[in-house]
2 protein chains.
Amino acid sequence: MKTTLVKTLFRETQQYLGTDVKISGWIRTIRDSKTFGFIEINDGSFFKNVQIVFDDSLENFKAISKLPISSSLSIIGTIVETPGAKQPFEIKAKEIIIEGMSNSDYPLQKKRHSFEYLRTIAHLRPRSNAFSAVFRVRSVVAHAIHQFFFERGFVYVHTPIITGSDCEGAGEMFKVTTLDLDNVPKNEDGSIDYSEDFFGKETNLTVSGQLEGEIFALSHRNIYTFGPTFRAENSYTGRHASEFWMIEPEMAFADLEDNMQLAEDMLKYIIKFTLENAPEEMEFFNQFIDKGLLERLNNILTSDFGKVTYTEAVDMLIKSGVEFEYPVEWGIDLQTEHERYLTEQIFKKPVFVTNYPKEIKAFYMRVNEDQKTVAAMDLLVPGIGELIGGSQREERYENLLGRIKELDLNPEDYWWYLELRKYGETKHSGFGLGFERAIMYLTGMGNIRDVLPFPRTPKTAEF
Amino acid sequence: MKTTLVKTLFRETQQYLGTDVKISGWIRTIRDSKTFGFIEINDGSFFKNVQIVFDDSLENFKAISKLPISSSLSIIGTIVETPGAKQPFEIKAKEIIIEGMSNSDYPLQKKRHSFEYLRTIAHLRPRSNAFSAVFRVRSVVAHAIHQFFFERGFVYVHTPIITGSDCEGAGEMFKVTTLDLDNVPKNEDGSIDYSEDFFGKETNLTVSGQLEGEIFALSHRNIYTFGPTFRAENSYTGRHASEFWMIEPEMAFADLEDNMQLAEDMLKYIIKFTLENAPEEMEFFNQFIDKGLLERLNNILTSDFGKVTYTEAVDMLIKSGVEFEYPVEWGIDLQTEHERYLTEQIFKKPVFVTNYPKEIKAFYMRVNEDQKTVAAMDLLVPGIGELIGGSQREERYENLLGRIKELDLNPEDYWWYLELRKYGETKHSGFGLGFERAIMYLTGMGNIRDVLPFPRTPKTAEF
């Protein structure tokens, strides 16, 4: 007999009522009296458990009654309606097969554990209610993103993880090497002999696929990346991880307005898709993790995002009279406190801040006519601050070369990036969305370590 | 006026006939006489070009006539039916905007270039016919995979890229470090002081997400990974890359039969999805890259995959009387020549080979009752050989521990992997599909470097 997923039973209960099914899963709770008992089974496909009723007509009744939680079972039984009960149905067991008996020292007993403790048992925490939900939602959101871009004809590109250039300029990088660290080969002048390294030169882990993404935007028009990126920064905050996933769309023939429209459409699509495909999980987060979550997300679906220039935003912050920890003046990089005040207090909805001073943004952003600002955009959202950062890219060869020199970068490192501007260049734009930050936003989880299956942070690379 | 994708015009021609549209793209060919001209435009969203007809009623007629190929344009014009012509429609231009003029030294002129040469200009090769098609198909196949697993309720898991253990045992690994290679810190005994490294210990790039995948199969039941993996092997063949993407599903409550069924269903789904969603590209590959491609793929859709044990397969190869380069006897690892003979000559369709000698397979595979073989499966396909490798996993604690010791591995390195067998273990199975190998199989492209956007191979990490 083929097994049925618990998710299927809950979603299509009506057509299963009265029929016999086989399900498999793990015991969440078990209680019994002398002649009958109840088991709550979870099979990981669905947030809710299904209740099994069993009695001493089963040969192995005694053995079942003594099973520790987390033991794995297969159950053959009849789906029976349970009017008035919390769940719409239960299963009357005809046969229960003990697949694997758990040890009684199973660490996830009924009492609540701290998220900190659960991180130390990352091989078991996906079985807890909260993490079971987090990682199902993570999967649903990933699919929402692929589906969104697929429907719009965007091409998914795998940009390289190992890069031979450190020209991405977005922070500290991890080195990738096969050199013998016990005995690093040296040149005559004492420098490291990278010709002996695997790639014959210095290589690092990527911090962004954007520059390579632009290559594909200029051949395939609308593209996106979705892959892991790395930062070797000693940040111990709850918002930073050393390894995280990023989504980076890039569109040819698109300006900053098109870019903002895409970001808004994408975010709304993801939220809608997640609410529709994981309603039980989202209800749980709303109840136990973040009380205002569903209201905030539903609010976003129905509001048009705000738009404000950096210059206007700075004026607003100054005029607010609020004393921020970091004083506001034109030219500063906005801090999270400023971002949150803008989106939570002033706009009360997501807001794009555009046209930042060029000094605080990357070399590849398109310089505006005022020569002081660049066509950048950050999307700020309530509860988080910056969720998305993007820009229109500098497509004018001479301007780009000028910026590279101005910032004392070496044009030779950017030969192919510059050449893109020689062969049919056009305006183009893109942005980056940190996947984990999006999951935190959608679940209300407060620490990035709790939305990553196996977080990598300074001094931590377990499992 | 919003731009329309060329793909949309081709797919929904009827509803656009007679209407005005705006499209943007790059010039593939241009020819003109004194008073009118033709431009073939490609916008990267679709395999085919759209023909633009323009004449000297346009203000900038002269300037347009002189444009080098690969210049970028936006065109506003009317969709006109072209009965009897190769394309079902063309666009009569009302306005042409020159977005970016290409240089006349654009390397991708009309003459054919070798794939080897095109690899050296990986920033431009996605604009060529063949690579434009390869990378659109790559994207379609990726989506097919996500869609297949989503429909079946599998949870997508991001297993870690940086691993703190080298216990995956599947080949040479790349080191990841932030140590100063000029001056590697040492302990008093002369060994490397990894406490000063970013993660406080030795770390590498992952070669497989399987072990972590098993964690999630035992919490979420049916899961898959889809991410980059790495091999620091000095292989210079056309089938090996140092960085490639892999899909690894893992199912709890599933044995080897279930595993084979999933692999067969998945492969058929991918082929069907790709033929439906990229018919023009597949037609191109069939015509110019691999003449028998479509016949072979269609043949797979309608055939049940063969199944044969390793022992039977070895018998068949010996009885065939064929002189192989590597002689066949029980106990050898099958070589590509053997695999291809089995699938191409004997079965003439995809075939699963099961139950390999335990000596040539990994420690985590479930030992069969004969104590000589393990519940492994390799899927062999015509034209390629091994496409998928998988197994039922050893779920019995004592047996697993025994195998680990037998192979002189350190049980402490596997503490969490062993613990999974203590808390509600059950039979479970999974497999790995090399994504690039699947793309080669689906496109007929013969070199893995030509299906990776930016291939990483020994001594090569450009772009």
Side-chain angles (χ1 to χ4, degrees), chain A residues 3 5 7 24 26 43-45 70-72 99-100 102-103 106 123 126-127 136 139 142-143 146 150 153 155-158 160-162 164 174-178 181 184 192 198-200 203 212 215-216 219-221 228 232 243 245 253 416 420 422-426 453-454 456 459 461-462, chain B residues 3 5 7 24 26 43-45 70-72 99-100 102-103 106 123 126-127 136 139 142-143 146 150 153 155-158 160-162 164 174-178 181 184 192 198-200 203 212 215-216 219-221 228 232 243 245 253 416 420 422-426 453-454 456 459 461-462:
Chain A
T3 59
L5 293 185
K7 180 177 184 172
S24 299
W26 293 269
D43 79 347
S45 73
S70 197
S71 298
S72 52
E99 301 273 358
S102 182
N103 273 28
Y106 180 61
H123 61 312
R127 304 178 184 194
R136 260 194 316 280
S139 171
H143 196 69
H146 285 301
F150 184 77
V155 171
Y156 178 30
V157 180
H158 292 128
I161 310 300
I162 299 173
F174 289 102
K175 294 167 200 156
V176 175
T177 184
T178 55
L181 300 192
V184 176
I192 297 165
F198 190 87
F199 295 109
T203 50
E212 288 92 351
I215 287 174
F216 275 83
S219 62
H220 288 73
R221 181 155 182 174
E243 173 180 322
W245 287 62
F253 306 102
W416 55 262
L420 292 178
K422 281 171 67 179
Y423 300 120
E425 179 45 81
T426 178
F454 305 97
R456 271 75 184 101
K459 303 298 171 202
E462 305 308 314
Chain B
T3 59
L5 293 184
K7 180 178 185 171
S24 299
W26 293 269
D43 80 346
S45 72
S70 197
S71 297
S72 52
E99 301 275 356
S102 182
N103 272 27
Y106 180 62
H123 61 312
R127 304 178 184 192
R136 260 194 316 278
S139 171
H143 197 70
H146 285 302
F150 184 77
V155 171
Y156 178 30
V157 180
H158 290 128
I161 310 301
I162 298 173
F174 289 102
K175 295 168 200 153
V176 175
T177 184
T178 55
L181 300 192
V184 176
I192 297 164
F198 190 86
F199 294 108
T203 50
E212 289 92 352
I215 288 174
F216 274 84
S219 63
H220 287 74
R221 180 154 184 174
E243 173 180 322
W245 286 62
F253 306 102
W416 56 263
L420 292 178
K422 282 170 64 179
Y423 301 118
E425 179 46 81
T426 178
F454 306 97
R456 270 75 183 101
K459 303 298 172 203
E462 305 307 314

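Naming convention: chains lettered A, B, ... in sequence-line order (proteins, then strands); numbering from 1 in each chain.
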Measuring heavy-atom distances to chain B, does [X] have an atom under 4.5 Å in its side chain, in its backbone, in both, or in neither?
X	value
A:V176	both
A:H158	both
A:P228	side chain
A:T203	side chain

Which of the residues [options] is involved in the greatest number of heavy-atom pairs with chain B at under 4.5 angstrom?
options	answer
A:T426, A:I162, A:D43	A:I162
A:L181, A:T178, A:V157, A:V184	A:L181
A:K175, A:K7, A:E99	A:K175
A:P126, A:G100, A:G200	A:P126
A:Y156, A:F216, A:Y423, A:F454	A:Y423

Any chance you could measure [X], atom [atom1], to [Y], atom [atom2], to the nearest 0.5 Å?
X	Y	atom1	atom2	value
B:H123	A:S219	NE2	OG	11.5 Å
B:E243	A:F199	CD	CZ	7.0 Å
A:I161	B:W245	CD1	CH2	5.5 Å
A:H220	B:S45	NE2	OG	9.5 Å

Determine yes or no for a side-chain-to-main-chain donor-acceptor pair under 3.5 angstrom, with B:R136 supplying the side chain and A:V155 the backbone.
no

Taking the six-membered ring for Trp and the full ring for Phe, Tyr or His, determine whether the centres of A:F174 and B:F174 are under 6.0 Å apart.
no

With a 6.0 Å cut-off on the ring centroids, do B:W26 and A:F253 count as close?
yes

What residue in B:P453, B:S71, B:A142 has the most heavy-atom pairs under 4.5 Å with chain A?
B:P453

Please look at B:H146 and chain A and tell me whether the side chain, the backbone, both or neither of the residue comes under 4.5 angstrom of a heavy atom of that chain.
both

Taking atom types as modelled and ignoring hydrogens, do the side chains of A:T3 and B:R221 form a donor-acceptor contact shorter than 3.5 angstrom?
yes

Stepwise side chain to side chain contact (heavy atoms under 4.5 Å, CB included) check, A:Y106 with B:K422:
CA-CA 8 Å; A:Y106 180 61; B:K422 282 170 64 179; over 6 Å; no

